[in-house]
Amino acid sequence: MNANVVFAESTEDAVERLAAAGADGAPLAGATWIMRAPLRGDRHPPLYVSLDRIPGLREVAIDGATIRIGAGATHAQIAAALAGEPRLRGLHDAAARSANPAVRAHATVGGAVATAAFPASDLVPALLALDATVTVATTAGTREVALEDLRAAPGSLVTGVTATVPRRSAHARLTLRKAGDYPVAIASVAEGDDGLRVAIGSVEATPRRWRTVETGDPVAAARAHAGELTPRDGIEAPGWYRVHVLPTLLARALEAMA
Amino acid sequence: MIAFTVNGQERAVDAPPLTPLSTVLRERLHLTGTKVACEEGFCGACTVLVDDEPATSCLVPLAHVEGRSVRTVESLADGDGLSPLQAAMQANDAVQCGMCFPGVLMSLTALLARVPAPGEDAVRDALVGNICRCTGYEQIVEAALAAGEEPR
């Protein structure tokens with residue numbers, strides 16, 4: 001609990017401070033994951049660079065065929081901004097149903113995509129189904145990285161997420177109870193100009209695209225190719241159960257999208 | 001020292017910046033109405049308002065409330081005069097073991113400030129993050145609906 005916290009005034013300021021700190025520093029956004037580090041047995045780095053006071057990092061904008069989300073946008077802000085956009089129903093539902101209202105009011109999209117150790121994120125599979133791109137800033141400038149290829153590195157900062165608005169999309173999650181539970185499994189689907197995209201979350205250690213099931217009959221393919229997955233055991237459910245429910249969840253997502 | 005407003009009063013606390021707000025409220029400011037149960041943002045017992053929005057105070061680092069306004073359950077009653085929500089809870093026999101209750105009141109206080117006469121769905125949505133182990137939600141929901149109907 002003895003990490004220091006400094007407040008960055010801008011993304012440039014944050015990147016400079018993170019670069020100076022190297023492996024001894026990390027960004028701090030909504031704090032919902034980082035505040036639970038002691039419960040997970042994780043150690044805090046000596047320094048957190050808080051993004052809490054950077055203006056303009058929270059914008060959600062749909063500009064024609066493109067959606068851009070600032071890294072500091074919370075789940076609640078994303079849900080509110082996308083309420084009137086049926087094509088982005090998958091991302092909307094991921095943001096609106098994740099966790100509980102108080103966590104949604106703080107947890108950010110930047111935190112979701114940068115926290116590789118969190119298997120049960122809702123936003124990450126929804127963004128993978130959108131084939132989203134992440135903007136990563138370093139002292140050398142900014143670059144665009146496919147979310148699939150993102151590896152959070154010391155000295156870098158996720159500043160935003162961009163995706164092409166799909167024709168339609170949907171997000172299905174299974175919780176054993178409703179309130180606040182981590183989902184046992186997630187299936188997020190979107191239909192773009194390139195066809196169907198399927199992403200899964202909470203089943204394996206990390207959310208991922210599941211390209212094997214994107215052609216033909218996706219539900220039958222999910223049943224036939226379950227052996228491709230390396231499911232994780234967890235307090236909510238054993239790994240085999242997560243895989244077992246996945247075809248049904250995928251069917252629900254596809255039905256919701258139709 | 002990190003300075004912020006608690007229930008309308010300026011306070012300053014000297015504690016590590018990642019200290020949970022819930023710990024600061026209970027152990028430094030002795031505002032023990034805020035309860036701590038799960039300490040992972042799941043149960044909602046520690047819900048307070050930060051700049052009028054509900055927050056699970058176990059997940060809010062002290063550093064992030066600098067300059068902000070925090071309201072706890074202690075702010076609801078004015079002396080012996082209960083808030084309309086508190087009075088409705090009493091009238092509807094909604095109070096049970098009391099562990100979840102301060103958080104329930106703060107989530108509903110925020111809802112009633114935003115939506116003065118909420119429907120049942122809005123009340124239940126607002127309580128999604130407040131887990132009651134007595135499972136006594138029905139009276140709580142009834143009371144919140146009654147409080148919404150009171151002239152304010």
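Below, all heavy atoms of this structure are taken into account, side chains as well, without hydrogens, waters or symmetry copies. Here is how names work: the chains are called A, B, and so on, in the same order as the sequence lines, proteins then strands, and each is numbered from 1.
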A:His44 side, atom NE2; B:Leu18 side, atom CG - distance, nearest 0.5 Å: 5.0 Å
Within 6.0 Å of CZ in A:Arg68, more than 12 heavy atoms from elsewhere: no
Non-hydrogen side-chain atoms of A:Met35 and B:Pro61 separated by less than 4.5 Å: yes
More than 12 heavy atoms of other groups within 6.0 Å of A:Glu85 CD: yes
Heavy-atom contact with chain A under 4.5 Å, split by part of B:Glu40: both
Side chain to side chain contact (heavy atoms under 4.5 Å, CB included) between B:Phe42 and A:Asp181, intermediate numbers included: CA-CA 8 Å; B:Phe42 178 79; A:Asp181 270 12; 3.5 Å; yes
Residues, nucleotides or ligands: over 12 heavy atoms within 6.0 Å of A:Arg40 CZ: yes
A:Arg104, part contacting chain B, at a heavy-atom distance under 4.5 Å: neither
Part of B:Val50 lying under 4.5 Å from any heavy atom of chain A: neither
Most chain B-contacting option - heavy-atom pairs closer than 4.5 Å, from A:Asp52, A:Val5, A:Asn4: A:Asp52
Non-hydrogen atoms of A:Ser50 and B:His64 that approach each other most closely: OG-NE2, 2.7 Å
Short side-chain to backbone donor-acceptor contact, A:Asn100 and B:Asn130, under 3.5 Å: no
Option in B:Leu59, B:Thr47, B:Asp125 with maximal non-hydrogen atom pairs under 4.5 Å from chain A: B:Leu59
With sequence neighbours excluded, residues passing side chain to side chain donor-acceptor pair (under 3.5 Å) with B:Thr32: none
A:Arg168, CZ: over 12 other non-hydrogen atoms inside 6.0 angstrom: yes
Which atoms of B:Cys43 approach chain A - backbone, side chain, both or neither, heavy atom under 4.5 Å: neither
Ring pair (Phe, Tyr, Trp, His ring centres under 6.0 Å) partners of residues 65-115 of chain B, not counting sequence neighbours, each pair once: none
Spacing of CZ belonging to A:Arg53 relative to CD belonging to B:Glu66, to within rounding of 0.5 Å: 5.0 Å
For A:Pro101 against B:Gly129, the heavy-atom pair lying closest together: CD-N, 3.8 Å
